[in-house]
2 protein chains.
Amino acid sequence: MRMTDNFLEELCKKGNIRVTSQRKIIASVLLKAKEHLDVEEIHKRAKAIDSNVSIATVYRTMKLFEDNAIVTAHNFSEDRTYYEIVSKEHHDHLINIENGEIIEFHNKQIEELQKRIAEKHGYKLIGHKLELYCIPKSTNHN
Amino acid sequence: MRMTDNFLEELCKKGNIRVTSQRKIIASVLLKAKEHLDVEEIHKRAKAIDSNVSIATVYRTMKLFEDNAIVTAHNFSEDRTYYEIVSKEHHDHLINIENGEIIEFHNKQIEELQKRIAEKHGYKLIGHKLELYCIPKSTNHN
DNA sequence: TTAATTGCAAACCATTTGCGCCAGC
DNA sequence: GCTGGCGCAAATGGTTTGCAATTAA
């Protein structure tokens, strides 16, 4: 699915899904934010717009969005789920383990290799997760 | 660290760590099993050897082993942590999403590419996570 | 001896869910 | 008006932790 400002309306056509004020607010929070947000942060920002948004609704909405490929869930930190709005193009993540900063990258060669590896083992590649854990080159931890 | 049958003894030398019967049992369970085990399964197998092993101890021991690079933790299924004993050589995982089966693989080209990508962004690669989610080729889901 | 370790049960904490009320359509 | 969605608060479930008893060294 392509991200547009009115993806909510698109979503509705697919099923019995209503465009509610809460969903609009949560969608706007996601569209505005470029970083990866956890539920707590999404809730905080949504409440800043309208205090009438419960965290249960954020959880339910994120699951709805995830099921409809509007967001992608990540588990960088093991204990918390981070969400990222699906953007035009696929990318992987480089994580600076010194400060948690996340850099997005895309590499066609790696994607191609992955597909080939799957095929070599008799499988068809459906999806993948690639995360690079790094430290800045200048930092000399050896 | 290299995996040996007496890594527990090696571990002890590193700190104030005692070789207890529970730890021996848990270690033997891990050494015996080749698959990835979750805490519940480790606990079940440990209890089969000696019912005197609590799940709290399994959790504590797995953390101890993880901190000491004896096992690696994986979060394939989001809600459960799976552990794998550190083997001689590094590998990544190919996951059959139809039945959860996990195939291990290693590809030098990909490892090399990862290092290069990190460097291109000004980082030094410390670790990575690569998981390929696949379906059997024969299965024609398109 | 004595500090580390364990079992137990309670605490944690992110996430889910039941329910009665509310709101899209 | 009907049905899906919401807020609230309680429940879930994997994981952690306080504490008193136990045990390795």
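Computed from a predicted structure; not experimentally measured.
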Output the rounded distance in Å from [atom1] ([X]) to [atom2] ([N]).
| X | N | atom1 | atom2 | answer |
| --- | --- | --- | --- | --- |
| B/Met62 | D/dG14 | CE | P | 16 Å |
| A/Ile26 | D/dG7 | CD1 | C1' | 13 Å |
| A/Gln22 | D/dC8 | CD | P | 11 Å |
| B/Arg23 | D/dA25 | CZ | C1' | 13 Å |
| B/Ile25 | C/dT6 | CD1 | P | 10 Å |
| B/Tyr59 | C/dC12 | OH | P | 17 Å |
| A/Ile55 | C/dT16 | CD1 | P | 11 Å |
| A/Tyr83 | C/dA14 | OH | P | 13 Å |

Subject >> Donor on one side chain, acceptor on other, B/Tyr133 and B/Glu131, under 3.5 Å >> reply: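 Per modelled atom types, B/Tyr133 and B/Glu131 side chains form a pair under 3.5 Å.
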Subject >> Short side-chain donor-acceptor distance under 3.5 Å, A/Glu111 and A/His90 >> reply: yes
Subject >> Among D/dA9, D/dT15, C/dA9, the nucleotide that comes nearest once only the side chain of A/Ala56 is considered >> reply: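 When the side chain of A/Ala56 is considered, D/dA9 is the closest of D/dA9, D/dT15, C/dA9.
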**OP:** Would you mind telling me which of C/dT15, C/dG7, D/dG7 lies closest to the side-chain atoms of A/Thr57?
**Re:** D/dG7
Original post:
How about B/Phe76 and B/His93: are their ring centroids closer than 6.0 Å?
Top reply: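 Here the rings of B/His93 and B/Phe76 have centres that are less than 6.0 Å from each other.
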**OP:** Determine, using the 4.5 Å side-chain heavy-atom cutoff (strictly less than), whether A/Tyr123 and B/Ile97 are members of one ILVMFWY cluster.
**Re:** no
Original post:
Which of residues 35-53 of chain A sit near DNA chain D, with a heavy atom under 4.0 Å from it?
Top reply: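 Heavy-atom contacts with DNA chain D come from A/Asn52, A/Val53.
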Original post:
Mapping B/Asn75 and A/Leu64 to their closest nucleotides on DNA chain D, which lands nearer the 5' end?
Top reply: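 This one resolves to A/Leu64.
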Original post:
Has A/Lys115 got more than 12 heavy atoms of other residues, nucleotides or ligands less than 6.0 Å from its NZ?
Top reply: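 Result for NZ/A/Lys115: open.
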Original post:
For A/Glu40, does the CD atom have more than 12 heavy-atom neighbours from other residues, nucleotides or ligands under 6.0 Å away?
Top reply: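 No, because the 6.0 Å sphere around CD of A/Glu40 holds 12 heavy atoms or fewer from other groups.
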**OP:** Summarise protein proximity over nucleotides 19-25 of chain C in one line of letters, 5' to 3': B for base, S for sugar-phosphate only, - for none, counting protein heavy atoms closer than 4.0 Å.
**Re:** ----BBS
Original post:
So B/Phe105 and A/His121, would you call those rings parallel, tilted or perpendicular, with 30° and 60° as cut-offs?
Top reply: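 The arrangement is tilted - the two ring planes meet at 30° to 60°.
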Subject >> Cationic N near anionic O, under 4.0 Å, A/Lys44 to A/Glu41 >> reply: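 Judged by the 4.0 Å cut-off on N to carboxylate O distance, A/Lys44 and A/Glu41 do form a salt bridge.
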Original post:
Do the charged groups of B/Glu35 and B/Arg45 touch, with an N to O distance under 4.0 Å?
Top reply: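 Salt bridge between B/Glu35 and B/Arg45, a charged N being under 4.0 Å from a carboxylate O: yes.
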